[in-house]
Amino acid sequence: MSAQTLYDKLWNAHVVRQEADGTALIYIDRHLVHEVTSPQAFEGLKLAGRKMWRTASILAVADHNVPTTGRALGIADPIARLQVETLDSNCAEYGVNEFRMNDVRQGIVHVIGPEQGATLPGMTVVCGDSHTSTHGAFAALAFGIGTSEVEHVMATQCLLMKKSKAMQVVVEGALGRGVTAKDIALALIGKIGTAGGTGFAIEFSGSTIRGLSMEGRMTLCNMAIEAGARAGMIAADETTIAYLKGRPFAPQGAVWDRAVVYWRTLHSDDGAQFDKVIKLDAVQIRPQVTWGTSPEMVVAVDGRVPDPATMIDAVKREGAERALRYMGLVANTPITEIKIDKVFIGSCTNARIEDLRAAAAIARGKHVAANVKLAMVVPGSGLVKQQAEHEGLDRIFIAAGFEWRDPGCSMCLAMNDDRLSPGERCASTSNRNFEGRQGPGGRTHLVSPEMAAAAAIAGHFVDVSKR
Amino acid sequence: MHKFTVLDGLVMPLDRANVDTDAIIPKQFLKSIKRSGFGPNAFDEWRYLDHGEPGMDNSKRPLNPDFVLNQPRYHGAQILLARENFGCGSSREHAPWALEDYGFRAIIAPSFADIFFNNCFKNGLLPIHLAAEQVEALFKAVEAMPGYRLKIDLERQSITAPDGTVYQFEVEAFRKHCLLNGLDDIGLTLQHVDEIKAYEAKHQAAQPWLYA
């Protein structure tokens with residue numbers, strides 16, 4: 001048999017049948033469900049009188065709409081409350097395993113899946129959420145789907161799809177001080193663009209990737225979708241296996257040993273062919289800051305806001321001009337001179353314990369700058385919050401003037417009350433800087449947790465590699 | 001799902017790249033547990049001068065006269081002409097729901113984001129890739145001629161312009177078949193129940209931990 005990529009292996013292991021034009025029926029092992037993209041799917045299932053195929057494959061949680069303060073009082077917004085209650089009642093009716101809002105295991109769906117060991121190597125993992133690519137960090141084939149497909153998986157445990165092309169992103173070398181997985185992701189998107197990965201499944205490999213923790217790998221795979229790739233993935237290795245051991249949903253005993261034998265095969269074979277290969281030199285990557293309204297509008301922290309006048313491509317130039325107007329920025333301004341109003345440390349990209357530790361290490365003994373109206377830390381799950389409190393990180397943040405919140409998606413997409421006001425500028429560890437993403441008229445700069453914490457303290461962006 | 005066969009429709013140009021699904025339907029409208037009624041909030045932040053929230057009477061809100069959708073010459077448009085990477089970002093199917101509910105039946109662009117592209121087909125909305133030069137030519141033609149229409153024939157995979165120019169486009173055979181016949185994917189998949197069960201038995205034997 002010829003050499004296979006990791007993607008080939010995962011794909012081939014899940015083909016139920018194939019149509020003449022290459023459209024395949026792919027079996028889904030794990031289905032993660034949240035309140036925003038599932039109500040219409042449950043309703044469709046009911047209206048058609050269909051049964052759920054394998055209820056045990058589903059893990060459900062409310063994350064997008066949940067408040068991050070005063071949770072004991074419930075959800076004030078009646079429309080949001082109805083959506084969360086609808087998830088609760090649908091899960092109860094179908095017997096779906098759900099972590100409810102006041103369960104300590106509740107959190108952002110892409111944080112809790114891996115945390116529980118519900119995401120395992122070799123799985124196909126789907127969720128009605130584009131950041132499902134996160135789970136590819138475990139050598140899983142994981143991708144976001146729409147609500148019609150959520151219903152399709154509920155009813156059939158399968159999806160109809162065509163195989164994507166395979167892209168390999170090879171990152172070699174040691175990361176510099178203050179440079180993180182987030183910066184690798186943003187540097188990659190800056191290089192290939194937000195459509196650079198469209199039509200591809202990306203495998204990240206190379207010595208830099210092997211050296212990342214599982215949490216770093218999740219941050220990187222999480223952002224694959226911002227490069228246009230529906231799926232990002234990383235080979236399973238000892239880091240993957242060590243992370244999973246003992247997690248509640250992970251296998252145990254003899255079955256664990258058997259699983260590990262299989263998981264060790266989940267890597268691209270020597271000589272496997274990719275449709276496209278991108279190489280990045282880790283040493284060249286600096287802490288990144290986005291300046292515009294698309295994640296590809298990004299520069300290194302020691303750079304300047306680009307000048308649209310120097311852009312040759314008309315569509316790009318007009319996009320940059322529009323972005324600068326929206327962002328209230330002047331071309332050629334040094335990034336470190338940009339002052340911020342708010343700071344958000346959270347999201348499925350950067351709300352895990354290592355992210356909070358890194359941010360706390362910078363905030364320790366300092367205080368949020370006077371011009372920063374709000375700096376908030378939103379842990380990715382109740383268990384991350386508990387661990388952080390056990391380590392005293394909450395006290396560091398609170399003493400530094402940060403707010404310490406309850407877990408959820410929060411100001412990554414501002415569906416709850418956590419949002420920017422028009423014109424406010426935010427250093428955010430989230431994944432999207434689209435117009436209005438963090439609130440209408442809000443201005444988002446995507447950065448790593450270290451960079452966000454340092455910006456909170458200084459009141460403007462600072463180069464954490466020079467601390 | 002309704003069928004898509006032939007569409008002769010007015011074209012509306014949206015001249016910006018990387019139009020994301022947050023722009024197509026902002027997050028506050030995602031709190032709905034329904035599948036319909038998103039049309040009045042399609043492109044909400046660009047379309048209205050005030051801030052929209054669910055439950056507002058959209059007919060009373062101030063329109064942004066500069067936004068292309070509000071220009072009288074494009075009223076009733078069924079074909080959206082767009083730029084690169086249309087529909088990027090979130091997987092929210094509310095984006096195609098909003099476009100379809102507004103009245104769009106087809107979108108022409110040089111490229112689409114994968115999840116959005118896929119979601120369109122589930123809702124009787126046809127996304128068509130054309131080469132960047134062809135899209136550029138269409139933008140110029142639409143701008144130059146009020147009432148510019150295109151005729152899209154899915155069976156023939158062709159788009160005919162008023163001047164008689166014909167553009168051929170690609171579409172996957174299976175998706176085309178489903179769209180032409182208005183077929184429900186789930187119903188089709190459930191014709192293969194035995195194969196799914198056979199796969200499941202084999203898969204469970206090989207990886208029992210997935211079924212614990």
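We name chains A, B, ... by the order of the sequence lines, and we start the count at 1 in each one.
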Largest heavy-atom contact set with chain B, pairs under 4.5 Å, which of [options]:
options: Thr147(A), Thr86(A), Asn431(A), Asp77(A); result: Thr147(A)
options: Arg30(A), Gln157(A), Lys162(A); result: Lys162(A)
options: Met161(A), Arg437(A), Glu19(A); result: Arg437(A)
options: Pro295(A), Gly22(A), Ser164(A), Pro39(A); result: Pro39(A)
options: Gln40(A), Met415(A), Glu151(A); result: Gln40(A)
options: Leu120(A), Thr37(A), Ile145(A), Ile225(A); result: Ile145(A)

Which portion of [X] sits near chain B, non-hydrogen atoms under 4.5 angstrom:
X: Leu25(A); result: side chain
X: Val315(A); result: side chain
X: Ala259(A); result: both
X: His131(A); result: neither
X: Ala250(A); result: neither
X: Trp256(A); result: neither

For a quick check under 3.5 Å, do [X] and [Y] share a side-chain donor-acceptor pair by atom type?
X: Gln83(A); Y: Asn65(A); result: yes
X: Tyr27(A); Y: Arg54(A); result: yes
X: Glu149(A); Y: Asn118(B); result: yes
X: Asn64(B); Y: Trp46(B); result: no
X: Thr194(A); Y: Arg432(A); result: no

Any idea which heavy atoms bring Val135(B) and Ala109(B) closest together, and the distance?
CG2-C, 3.9 Å
Please state whether the side chain, the backbone, both or neither of [X] comes within less than 4.5 Å of a heavy atom of chain A.
X: Phe112(B); result: backbone
X: Lys202(B); result: neither
X: Glu45(B); result: side chain
X: Glu53(B); result: side chain
X: Ala23(B); result: neither
X: Asn18(B); result: side chain
X: Ala206(B); result: backbone

Determine, for Phe29(B) and Arg92(B), whether the Lys NZ or Arg CZ falls below 6.0 Å from the six-membered ring centre while staying within 45 degrees of the axis.
no
May I ask you to check if Arg83(B) and Phe139(B) form a cation-pi contact, with NZ or CZ under 6.0 angstrom from the six-membered ring centre and within 45° of the axis?
yes
If you tally heavy-atom pairs under 4.5 Å against chain A, which of [options] wins?
options: Asn85(B), Thr21(B), Asp15(B); answer: Asn85(B)
options: Glu84(B), Arg175(B), His51(B), His203(B); answer: His203(B)
options: Pro26(B), Pro96(B), Gly89(B), Gly187(B); answer: Gly89(B)
options: Thr189(B), Asn119(B), Val193(B); answer: Thr189(B)
options: Phe116(B), Tyr211(B), Trp209(B); answer: Trp209(B)

Between [X] and [Y] (side chain of the first, backbone of the second, donor and acceptor by atom type, cut-off under 3.5 Å), is there such a pair?
X: Asn433(A); Y: Thr444(A); answer: no
X: Asp21(A); Y: Phe174(B); answer: yes
X: Asp184(B); Y: Ile186(B); answer: yes

More than 12 heavy atoms from other groups under 6.0 Å of CD on Glu172(B)
yes
Using the ring pair (Phe, Tyr, Trp, His ring centres under 6.0 Å) criterion, which residues pair with His34(A)? Sequence neighbours excluded.
His64(A)
